[in-house]
Amino acid sequence: MRYWLFKSEPETFNIDDLAKRPNKTDHWDGVRNYQARNFMRDDIKKGDKGFIYQSSCKIPGITGIIEIVKPGYPDFTAWDPTSDHYDPDCSPDNPRWVMVDVRFVKKFNRVITLDEIKNNPVLENMVVAKRGNRLSITPVTEREWKTILKLA
DNA sequence: GCCAACGTTGGC
DNA sequence: GCCAACGTTGGC
């Protein structure tokens with residue numbers, strides 16, 4: 001089992017939104033970056049766990065835990081012209097983009113802030129803490145995972 | 001295949 | 001709102 005970090009803007013989608021969905025489950029759509037897509041297509045498996053990280057907001061940081069309940073399959077929003085993530089080159093025959101289904105596991109009592117991550121010797125090398133990082137899905141090591149759980 | 005220009009991300 | 005960093009695009 002592997003660990004991941006899923007980034008999103010909280011106004012668009014956050015841990016509370018996920019908790020309100022039927023079965024507390026939703027698809028993680030809209031990823032339009034090849035590296036993140038390849039993680040979902042090749043590496044993210046059912047049963048893997050992930051953190052939800054909120055970006056572009058007042059307090060950037062980790063807000064909770066999710067679990068992968070369905071591994072990579074075509075992101076159908078790619079050929080939906082009404083979607084914000086519409087890609088005119090895509091169709092059901094040429095899906096290109098991938099999504100996974102995630103289920104709510106837990107919301108932390110507080111946000112584990114980016115500032116804390118950067119200042120923690122175990123966490124400072126996390127991809128999300130690197131300057132200029134824009135990757136929306138990143139691997140998390142077991143050591144990083146456990147360290148954050150202890151902080152929460 | 002190179003690389004400049006451009007658009008987007010995301011912390012501050 | 002600013003701007004550095006990055007990924008993508010497109011001319012050559």
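Just so we're clear, the structure is a prediction, and the values are computed from it rather than from any experiment. Letters A, B, ... mirror the listed sequences (proteins, then strands); counts begin at 1.
- Taking atom CG of Leu114(A) as the reference point, atom C1' of dC12(B) lies 11 Å away to the nearest angstrom.
- The phosphate of dG11(B) (OP1 or OP2) has a side-chain N or O of Tyr53(A) nearer than 4.0 angstrom.
- Thr82(A) and Asp80(A) form a side-chain donor-acceptor contact under 3.5 Å, judged by distance and modelled atom types alone.
- Counting non-hydrogen atoms under 4.0 angstrom, Lys130(A) reaches nothing in the nucleic acid.
- A donor atom on one side chain and an acceptor atom on the other are found under 3.5 Å apart for Thr77(A) and Arg32(A).
- Asp87(A) has its CG atom 15 Å from the C1' atom of dG7(B), to the nearest Å.
- The separation between Phe6(A) atom CZ and dT9(B) atom P is 18 Å, rounded to whole Å.
- Rounded to an integer number of Å, the gap from CG of Leu135(A) to C1' of dG11(B) is 16 Å.
- With distances taken from any side-chain atom of Ser55(A) to the nucleotides dG10(B), dC12(B), dG7(C), the minimum falls on dG10(B).
- Rounded to an integer number of Å, the gap from Arg32(A) CZ to dT9(C) P is 13 Å.
- No side-chain donor-acceptor contact under 3.5 Å links Thr147(A) and Glu144(A).
- Rounded to whole Å, the distance from CD1 on Ile137(A) to P on dT9(B) is 14 Å.
- Nearest nucleotide to the Tyr34(A) side chain, out of dG10(B), dT8(C), dC12(B): dT8(C).
- In this structure, Ile62(A) atom CD1 and dG11(B) atom P are separated by 12 Å, rounded to whole Å.
- You'll find that the side chain of Arg131(A) is closest to dA4(C), out of dG10(B), dG7(C), dA4(C).
- Side-chain atoms of Trp97(A) and Asp87(A) form a donor-acceptor pair, as typed in the model, at a separation below 3.5 Å.
- Rounded to a whole Å, the CG atom of Asn133(A) is 19 Å from the P atom of dT8(B).
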